[in-house]
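One structure below.
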Amino acid sequence: MSHFDTLITGGKIIDGAGNPGYIGCIGILDGKIREIGPDLKGTADQVIDATGKVVAAGIIDIHTHYDAQLHWDPYATNSGWHGTTTIAVGNCGFGLAPCRPEHRDRYMQQMETTEQVPYNSLKSALSWDWETYPERLEHLKGIPKGVNVLSMVPLNPLMIYVMGLEAAKTRSATPEEREEMKAELNRAMDMGAIGFGFSYQGNHNTHIDSDGEPMPTDIMDVEDLYAMADVLRERGEGVIQALVDTPGARFSEVGLEVARRSGRPVIHNVTLVNDYLPTYHEEMLELLEKAKAEGLEMYSMTLTMRGWNEFKPMDWDIWNIIPAFREFTFAGDQAAKVAKAADEDFRARLREAYSPVLLAPAGGPLETYKLSNANGVKPWCDHEGKTVQEIAEALGRDCITDLFMDIVVDTEAVSDFLLPDAMSADTAKVAQVLKHPLTLPGTSDGGAHVKFWSGGHFSTDMIMWMVRESGQMTLEEMHFKLSGLPAKVFNLTDRGTLKKDSAADIVIYDYEALGYRRFQYDIAHDLPGGEWRRICKPEGIEYVLVNGEVTFRNGTECTGAVPGQLIGVMGAEMDGKLATPLAMAAE
């Protein structure tokens, strides 16, 4: 009879590979699944009775921005609470390396204006004991981690590191600079970086530099981008994350060319189902079929969870997708923003520029913003619980932008708004997208937008909504999408599915009790520098195991274990050793 570190008994095993679930046991030793099956017997130092529960492969969350949060939160919460055991960072081309000392402050400012990671937290928590990307990977290997980490090279820091800040934002790379960027990417991947991430959105991105202008990759020479793709073709490894298509900025052809040039998997962003854009998701699925017909390996991330935003106009900046709104975002402090909202010239420009369709993919139109707390200010407190559209109808007002800015001025930009389910409640359309073989659910943006968003619950919601509530998908289908397929895309041969000798990344939950509180985040004052964030706690998740060790019990009860690994380009664990391709091939 075998002896294990941990024995999970009696649960319904959903293996993440799409196979039918069954009642069985899992024996774990030294962080690996050593035995699995319906008739397993043995002894163990720890026995987890999972009778009546689902035992599934840990969630792989491949679109996060926990690059900085890992320094003060090893578990990447909210994602870690909801069963995520592996995350990918470096998305959208944003990150913290490579970085010359003179650019450190600017990188932190950029992380605040692009992904709303508070500058004060970054300034307080980051040690900056790295400059190059390989040094950054060594740093990540050395910090405690409660999740596994896949690290992509973000192209904005790479361009700035090689070309300088001003040049990266204003011109193409010289031939010498292009070769140096390729060399830096090669060095990073030699040390285990899994590829690179970028955005290419022109002047229509919500991700804005701290000077109010586009980030370098959004306006880069595409030949510089394609040269980076050539590196992956030459190496024959790695993945590329490409934010190239949103309803206001349609650059999918750039993503296709990156796939052609690289010959590698490209994770296209973003596919969403939106009632204001009724054909957009169909266009994205057609794009994936076009790529497939060409023999290209392209997948698309979906933004299909039931999410919501809670925000004060003072903190909200997703409307930056409309350039006129950036005047408000970058006006200055609270008083300056209130003054801007009252300025008639600004209001005139906003009236001219505004269209509900433009804001549809950026949380939702102004019309759908629900005033939840006017802080006692008359007459607006009489309209709490109403959307801006409903307030306009009640008051006989025609201009939505003027009405909204009146609320901002009168409440000094700190009234509270709720923006619920801004995409679509059409379960058939959402299922059409999720069941397509080339889509990946997610876009949690975990770690980003912390003062108005908390998307780490996406996997919990997908199981609740698409499986339990609507019956559009089976548990087996959903868990394949949440773990097995992303593992395949990232070449994680020993993760993402529950099988013998796989890493024991596991989530155990009560299917009927699985949930979270809808439309009301908790506030946590747990960020460095005195900052705060909104959080979404899970219900019904009983255990999360990473590499065989329990990290959470009963939702958010943390064990203090930090078994997470930095995972290299070929899917191998990197912590404690160099992870060059040659070294891993020799193993």
Side-chain angles (χ1 to χ4, degrees), residues 2 4 6-28 32-42 47-62 82-86 299 302 304 427-428 430-442 458-515 540-545 548:
S2 300
F4 305 103
T6 298
L7 182 62
I8 302 171
T9 64
K12 183 175 182 179
I13 295 175
I14 307 294
D15 67 3
N19 297 313
Y22 63 92
I23 304 300
C25 303
I26 298 175
I28 300 168
K32 302 285 187 181
I33 296 173
R34 299 306 181 187
E35 294 187 39
I36 180 170
D39 301 316
L40 173 61
K41 298 186 185 303
V47 176
I48 297 176
D49 182 2
T51 302
K53 308 302 189 296
V54 172
V55 180
I59 310 304
I60 299 177
D61 188 348
I62 63 175
H82 286 269
T84 289
T85 55
T86 299
Y299 302 84
T302 72
T304 47
T427 57
V430 172
Q432 177 192 2
V433 167
L434 289 172
K435 294 174 79 167
H436 190 282
L438 297 174
T439 61
L440 294 158
F458 84 96
S459 54
T460 297
D461 185 69
M462 289 289 91
I463 297 166
M464 293 167 55
W465 188 25
M466 288 290 104
V467 182
R468 190 178 71 201
E469 296 173 14
S470 71
Q472 292 282 357
M473 297 177 72
T474 67
L475 266 181
E476 290 84 353
E477 289 175 318
M478 181 54 69
H479 277 288
F480 171 68
K481 285 287 190 168
L482 293 172
S483 62
L485 183 57
K488 174 182 177 293
V489 174
F490 278 83
N491 194 33
L492 307 181
T493 57
D494 66 343
R495 292 180 195 276
T497 58
L498 301 181
K499 63 181 188 295
K500 187 174 181 179
D501 296 327
S502 279
D505 295 342
I506 299 170
V507 56
I508 302 173
Y509 63 90
D510 184 325
Y511 177 72
E512 295 299 333
L514 187 69
I541 295 182
E542 301 197 355
Y543 292 91
V544 179
L545 290 82

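On a predicted model such as this, the values are computed, not experimentally measured, just so you know.
Residues T85 and V507 fail the side-chain proximity criterion, which asks for heavy atoms closer than 4.5 Å. Between D61 and S459 the shortest side-chain heavy-atom distance does not fall below 4.5 Å. No side-chain heavy atom of I62 sits less than 4.5 Å from a side-chain heavy atom of V489. Inter-residue side-chain proximity for I506 and I28 is flagged as met; some heavy-atom pair is nearer than 4.5 Å. Two residues are said to be in side-chain contact when any heavy atoms from C-beta on lie closer than 4.5 Å; D15 and Y22 fail this criterion. Contact of the K32 side chain with the D494 side chain is registered, since non-hydrogen atoms from C-beta on lie closer than 4.5 Å. Within the 4.5 Å cutoff, the side chain of N19 has no heavy atoms near those of the E476 side chain. The closest side-chain heavy-atom distance from I8 to Y543 is not below 4.5 Å.
Between L434 and M478, the closest heavy-atom pair is CD1-CE, 4.4 Å. Residues A487 and G496 come closest through the heavy atom pair CB-CA, 3.8 Å. Minimum interatomic distance between C25 and L7 (heavy atoms only, all atoms of both residues): CB-CD1, 4.5 Å. The shortest heavy-atom contact between Q472 and T427 is NE2-OG1, 3.4 Å. Nearest heavy atoms, G18 versus F480: N-CB, 4.2 Å. Closest of all the heavy-atom pairs between V55 and A50 is CG2-CB, 3.7 Å.
Atom CD of E469 is separated from atom CE of M464 by 5.0 Å, given to the nearest 0.5 angstrom. Rounding to the nearest 0.5 Å gives a distance of 14.0 Å between NZ of K12 and OG1 of T51. The CZ atom of R34 lies 12.5 Å from the OG1 atom of T6; values are rounded to the nearest 0.5 Å. The CD1 atom of I541 lies 8.0 Å from the CD1 atom of I59; values are rounded to the nearest 0.5 Å. Residue I13 holds its CD1 atom at 4.5 Å from CD1 of I36, rounded to the nearest 0.5 Å. Atoms CE and NE2, from M473 and H479 in turn, are 10.5 Å apart once rounded to the nearest 0.5 Å.
Here the side chain of T439 pairs a donor or acceptor atom with the backbone of V433 at under 3.5 angstrom. In terms of modelled atom types and a separation under 3.5 Å, the side chain of T460 and the main chain of G515 share no donor-acceptor contact.
Atom NZ of K41 has 12 or fewer neighbouring heavy atoms from other residues, nucleotides or ligands inside a 6.0 Å radius.
Every residue two or more places apart in sequence or in another chain was checked for a salt bridge (charged side-chain N to carboxylate O under 4.0 Å, His left out) with K435, and none qualifies.
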Begin from the C-alpha positions of I60 and F490 and carry the test side-chain contact (heavy atoms from CB on, under 4.5 Å) through to its verdict.
CA-CA 10 Å; I60 299 177; F490 278 83; 5.7 Å; no

I26 vs L40, side-chain contact (heavy atoms from CB on, under 4.5 Å): CA-CA, chis, key distance, verdict:
CA-CA 7 Å; I26 298 175; L40 173 61; 5.5 Å; no

